[in-house]
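Since this is a predicted model, take the numbers as computed values, not measurements. The figures that follow rest on heavy atoms only: side chains count, while hydrogens, waters and symmetry mates do not. Chain A is the first sequence line, chain B the second, and so forth, proteins listed ahead of strands; every chain is numbered from 1.
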Amino acid sequence: MTEPTTVAVLQVRDLVRHYRLPRESLFKSPGHVYALNGVSFDIQKGKSFGIVGESGCGKSTLARNVMALEETDAGSVKILGNEVVGLSFDQLRPLRRHFQMVFQDPYGSLDPHHDVGWIVAEPLAALGPITQEERARRVTEALESVGLKQRDAHKYPHEFSGGQRQRIAIARALITHPELIVADEAVSALDVSVQAQVLNLLKDLQDTFGVTFMFISHDLAVVEYLCDEVAVMYLGEIVEKGRTEDLFSAPAHPYTRILLDAVPKPGSGKKRDRIKLAGNVTGQTEQRSGCSFQDRCPMARDICKIDKPPLINVGPDHTAACHFSGELREKS
Amino acid sequence: MPLLNVTGLSVTLSTADGAARAVRDMNFSLEKGETLGIVGESGCGKSITALALMGLLPERSETTGKIEFNGENLLQKPETEMCALRGNRMAMIFQEPMTSLNPVHTIGRQVMEPLRLHKNMTRAEAKAEAVRLLDRVGIPNPQERLGNYPHQLSGGQRQRVMIAMALSCSPDILIADEPTTALDVTIQDQILELIQSLVREEDMALILISHDLGVISENTDRIMVMYGGAAVETGPTETFFEALSHPYSQGLFAAMPKLGMGRTSRLMTIPGVVPDLINLPSGCTFTDRCPLATAECRNSAPPLRQLTAGHNVACYHLDKARTMKAEGLFA
């Protein structure tokens with residue numbers, strides 16, 4: 001949107017996903033978990049887009065829907081201009097080479113029965129038949145790009161540490177030369193010193209191959225380090241979106257502000273003054289009128305209970321869904 | 001006399017692959033009302049230290065040294081006496097609120113258990129006290145919650161129940177092992193705030209264990225950094241980050257993404273991985289990853305050297321580490 005030359009690698013429009021709950025009574029209609037309630041965003045080529053939010057805000061549901069791993073209720077997901085919502089498994093298969101995923105748990109996401117070469121080569125099935133030599137060449141290339149060696153292809157996952165396993169998972173995602181990599185909490189399970197290695201690797205891969213990342217994390221510092229753009233989610237909606245610098249320096253939604261304030265910072269020694277969050281995470285099983293954040297918001301007023309604030313522009317490429325975002329930005 | 005005095009504590013766990021030296025020669029003490037933060041990565045021995053203090057280590061382990069609590073060596077106490085202490089004079093909050101509560105008992109029953117056991121309360125007294133405790137840790141409608149099972153509570157609420165249980169007998173020492181790691185940042189904030197205010201009100205000593213330097217630095221008086229089973233640096237929190245000297249502490253701090261750092265700078269990384277506790281070098285455990293390491297480091301453990309009052313570092317190349325700090329030791 002900014003420049004006419006950039007192509008949106010991923011375009012998500014009004015994505016809705018509601019999970020049906022088990023029927024509790026014969027006479028009542030079953031309830032729903034409202035996991036995604038109309039999410040829209042674009043990711044431009046070669047950029048990394050961060051999605052932050054607390055558990056239960058719909059981050060992982062969003063990833064699964066973007067990756068077409070489950071049925072979507074409504075909305076559209078276009079990868080490189082191709083609509084993926086509503087396609088059958090067979091129709092999706094040739095497209096899968098363009099979007100790959102890195103999962104959270106490096107221990108659970110690699111099959112312990114296969115060697116690393118097999119694991120890394122698996123996505124090549126989406127490319128159709130290729131020769132053994134080509135396959136071996138691609139495996140070596142993928143392993144080397146994440147800092148592993150060719151001989152590691154014959155080892156099994158248990159022989160690697162957590163950080164190395166996450167590298168294997170990244171190599172597996174890279175092997176088809178995808179345009180988009182969706183990383184769902186890809187560094188959350190790693191130790192600080194290892195996490196830094198993987199974060200730097202992701203940055204380098206972006207510089208070398210121009211991969212586009214959709215990076216999901218609950219850790220704001222990690223997102224700030226890696227991402228060009230950030231969207232903050234709350235109860236299945238994007239409440240604020242903007243360039244990382246803008247959004248972190250002048251948050252326009254109280255939830256973003258509270259999230260940033262809640263991150264403990266080393267070196268300060270003493271507790272800082274900050275806005276505190278009232279109440280617990282609101283249930284996702286009810287649909288309400290007004291702002292989704294009203295129950296926990298320290299600045300909620302009457303209008304918040306009636307009118308749902310739309311995502312409006314508060315700055316260049318910066319949108320927020322709050323009636324009082326102007327007020328909030330003035331204060332910061 | 002300090003409330004808790006640990007000298008020369010070492011723990012060896014026997015595993016199928018050989019003896020793992022999980023904790024090596026730890027020395028620290030804790031006064032009443034003091035808070036100590038232990039920080040380090042997984043496998044550095046922080047949790048084993050906590051379990052050793054509580055006398056909860058697995059049977060196939062060997063503990064040497066001294067843990068003096070109110071002047072009595074806990075390591076020489078028989079199990080029956082430890083049972084009378086645990087949950088009573090010293091209490092622990094575990095990392096995972098999902099698994100450390102018993103799923104088949106109501107939370108009321110679990111909160112009442114230490115009260116009935118240690119304080120010989122009747123059922124009715126214990127129930128009234130449990131309601132008061134749950135209310136104190138901020139659980140809404142405590143009366144009704146007593147009959148709930150753990151799965152009916154959210155993660156943050158379960159951790160509050162754990163805190164209520166730990167506090168039930170107003171212990172002298174509270175050990176919190178990664179109490180907020182499984183929780184969201186906003187909930188983490190609430191739980192840490194709760195622990196802090198309770199510790200202050202009751203004048204308890206607190207040992208807070210975390211991998212997060214931010215959490216540690218905002219909630220403690222003193223910090224101890226552990227690596228490979230040994231304490232490498234300790235110091236008062238207020239000046240800790242300025243005085244930070246040990247190569248590992250420097251690396252850990254530099255590797256951590258910090259808010260406000262922006263995207264232009266690059267994270268420093270410590271080469272290599274956390275050491276295997278079975279094949280540790282006999283000297284400094286950080287030898288294999290340290291840019292300053294020499295043969296001396298590998299063969300004999302460096303003594304603690306005092307940098308400033310109360311700030312001690314275990315490193316042979318302390319001066320070099322300090323002069324190279326400005327340009328970044330791992331750059």
Side-chain angles (χ1 to χ4, degrees), chain A residues 48 52-57 160-164 187 189-201 203-204 217-228 244-245 248-249 255 258-272 274-281 283 296, chain B residues 39-44 140 154-157 180 182-190 192-193 196 210-221 223 236-242 244 248 251-263 265-274 289:
Chain A
S48 29
V52 294
E54 294 180 286
S55 48
C57 73
F160 295 90
S161 67
Q164 285 173 318
V187 297
L190 305 175
D191 272 320
V192 181
S193 67
V194 178
Q195 174 181 291
Q197 294 168 4
V198 174
L199 283 176
N200 283 345
L201 170 69
K203 257 194 166 175
D204 293 342
S217 182
H218 67 280
D219 189 332
L220 291 142
V222 165
V223 167
E224 189 194 18
Y225 178 66
L226 197 72
C227 298
D228 302 281
T244 313
E245 309 86 88
F248 279 42
S249 61
Y255 182 60
I258 288 163
L259 271 186
L260 284 167
D261 271 357
V263 179
K265 292 162 195 74
S268 54
K270 290 284 162 280
K271 290 257 183 192
R272 303 140 281 123
R274 60 215 150 159
I275 316 180
K276 291 206 190 77
L277 198 51
N280 272 307
V281 183
R296 300 178 78 193
Chain B
V39 67
E41 295 178 285
S42 50
C44 75
S154 69
Q157 282 180 326
T180 57
L183 304 175
D184 285 320
V185 273
T186 54
I187 311 293
Q188 162 170 296
D189 209 39
Q190 295 171 1
L192 289 173
E193 189 104 344
Q196 275 236 310
S210 177
H211 67 281
D212 187 331
L213 280 168
V215 166
I216 292 287
S217 89
E218 287 188 359
N219 295 286
T220 57
D221 303 328
I223 297 182
T237 308
E238 229 165 89
T239 53
F240 191 82
F241 291 94
E242 287 148 45
L244 200 74
Y248 175 66
L252 188 66
F253 189 66
M256 197 186 146
K258 289 163 279 284
L259 268 187
M261 184 173 96
R263 297 188 302 115
S265 55
R266 199 175 159 83
L267 284 178
M268 288 300 149
T269 59
I270 308 176
V273 291
V274 180
R289 301 174 76 184

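Contact record, Glu41(B) with Val194(A): OE2-N, 4.3 Å, taken as the closest heavy-atom pair. The minimum heavy-atom distance linking Lys258(B) with Glu224(A) is given by the pair O-OE1, 3.5 Å. Gly214(B) and Pro264(A) make their closest contact through C-CB, 3.4 Å (heavy atoms, listed as atom of the first residue, atom of the second, distance). Of all heavy-atom pairs spanning Ala262(A) and Asp189(B), the tightest one is O-OD1, 4.0 Å.
Heavy atoms of Gln188(B) lying under 4.5 Å from chain A belong exclusively to its side chain. In this structure, chain A has no heavy atom under 4.5 Å from any part of Pro236(B).
In this structure, the side chain of Tyr225(A) engages the main chain of Leu267(B) through a donor-acceptor pair within 3.5 Å. Glu218(B) contributes no side-chain N or O that, together with a main-chain N or O of Pro266(A), makes up a donor-acceptor pair within less than 3.5 Å. Counting only distance, with no hydrogens or angles, the side chain of Gln197(A) and the backbone of Pro271(B) share no donor-acceptor pair below 3.5 Å.
When each of Val185(B), Leu244(B), Ile216(B) is scored by its heavy-atom pairs under 4.5 Å with chain A, the top score falls to Val185(B).
With rounding to the nearest 0.5 angstrom, the CG atom of Asp212(B) is 11.0 Å from the NZ atom of Lys265(A). Here the straight-line distance linking atom CG of Asn200(A) with atom CZ of Arg266(B) works out to 4.0 Å at 0.5 Å rounding. Considering OG1 of Thr186(B) and CD1 of Ile258(A), their distance stands at 8.5 Å, rounded to 0.5 Å.
The shortest side-chain heavy-atom distance between Leu199(A) and Pro257(B) falls under the 4.5 Å cut-off.
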What do the steps show when you test Gln195(A) against Thr269(B) for side-chain contact (heavy atoms from CB on, under 4.5 Å), and what is the final call? CA-CA 9 Å; Gln195(A) 174 181 291; Thr269(B) 59; over 6 Å; no
Tell me, with the steps shown, if Arg289(B) and Ser193(A) meet side-chain contact (heavy atoms from CB on, under 4.5 Å). CA-CA 11 Å; Arg289(B) 301 174 76 184; Ser193(A) 67; 3.2 Å; yes
